[in-house]
*Asks:* 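Let me begin by handing over the structure; questions about it come next.
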Amino acid sequence: MPQMPWLERKFNFDFPHELHPEVMERVRGTYVRLKEMTDKCPADHLTTRLEDRWSIQEIVGHLGDCEQLWDIRIDHILEGREAMQGVDFSKNFTDEANHNASGFEDVMARFKSKRDHFIGRMDQLTTEDFARSAIHPRLNKPMRMVDLCFFIAEHDDFHLARMREMLNEFTK
């Protein structure tokens, strides 16, 4: 079934910022869900591309690659900038990183370390900090800190769903 491409997704950030603990639970759970999904996956499946899409290992690497952008966007919101940094779509950092050349445990460990850093930063914020915002460049709308966390959780889930589709293809 064709999926809506990530860059075509739109978001409504219309929930109270006080829901940040619930949103953060989704963000916290990504590593555990990745681990559960891949624990029994044969090693050759982890680096196999289907239909020229990223492999499972490359997806995990991509999630880790994105952590730097999330970190920058946290800074921009906390600094009170009007707008967040955009993404340079002329470069594909995930392809350039060649995650399939690394061991899967190394790719997972890098993601976990970076995500733990993100969670640690979020744990230091006040409820009021989660209401602070800056304009998201692609969406062209204000994104509060809680919305950034929701966006990250949605991005994680988007890629976890692609991984699940791949795993289902391997077992057909």
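Hydrogens, waters and symmetry mates play no part in the numbers below; they use all other heavy atoms, side chains included.
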*Asks:* Does Arg110 come within less than 4.0 Å of Glu67, counting only side-chain N to carboxylate O?
*Replies:*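 No, this pair does not count.
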*Asks:* Just one of Met145, Arg81, His136 clears the side-chain contact (heavy atoms from CB on, under 4.5 Å) bar with Arg73, so which one?
*Replies:* His136
*Asks:* Please verify the inter-ring angle class for Phe11 with Phe13; under 30° counts as parallel, over 60° as perpendicular, anything in between as tilted.
*Replies:*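 Aromatic pair Phe11/Phe13 classed parallel.
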*Asks:* Establish, for the pair Arg144 and Phe15, whether the NZ or CZ atom is under 6.0 angstrom from the six-membered ring centre and no further than 45 degrees off its axis.
*Replies:* yes
*Asks:* Kindly work out whether a path of hydrophobic side-chain contacts (I/L/V/M/F/W/Y, heavy atoms less than 4.5 Å apart) joins Ile152 to Ile119.
*Replies:*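 Linked, Ile152 and Ile119 end up in one cluster.
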*Asks:* For residues Thr30 and Arg33, determine if any side-chain heavy atom of one lies less than 4.5 Å from a side-chain heavy atom of the other.
*Replies:* yes
*Asks:* Between the side chains of Asp116 and Ser113, does any donor sit under 3.5 Å from an acceptor?
*Replies:* no
*Asks:* Name the one of Asn100, Thr47, Thr48 that satisfies side-chain hydrogen bond (donor to acceptor under 3.5 Å, both in side chains) with Ser55?
*Replies:*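 With Ser55 as partner, side-chain hydrogen bond (donor to acceptor under 3.5 Å, both in side chains) holds for just one option, Asn100.
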*Asks:* Check this for me: does any side-chain nitrogen of one of Arg121 and Asp129 sit under 4.0 Å from a carboxylate oxygen of the other?
*Replies:*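 Salt bridge flag = no for Asp129 with Arg121.
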*Asks:* Using a strict cut-off of less than 4.0 Å between a Lys/Arg side-chain nitrogen and an Asp/Glu carboxylate oxygen, indicate whether Arg26 and Asp157 qualify as a salt bridge.
*Replies:*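 Yes.
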*Asks:* Taking the basic N atoms (NZ, or NE/NH1/NH2) and the acidic carboxylate oxygens, is any pair closer than 4.0 Å for Arg115 and Asp156?
*Replies:* yes
*Asks:* Determine the interplanar angle of the Trp70 and Phe151 rings, folded into 0 to 90°, and report it as parallel if under 30°, tilted if 30 to 60°, perpendicular if over 60°.
*Replies:* perpendicular
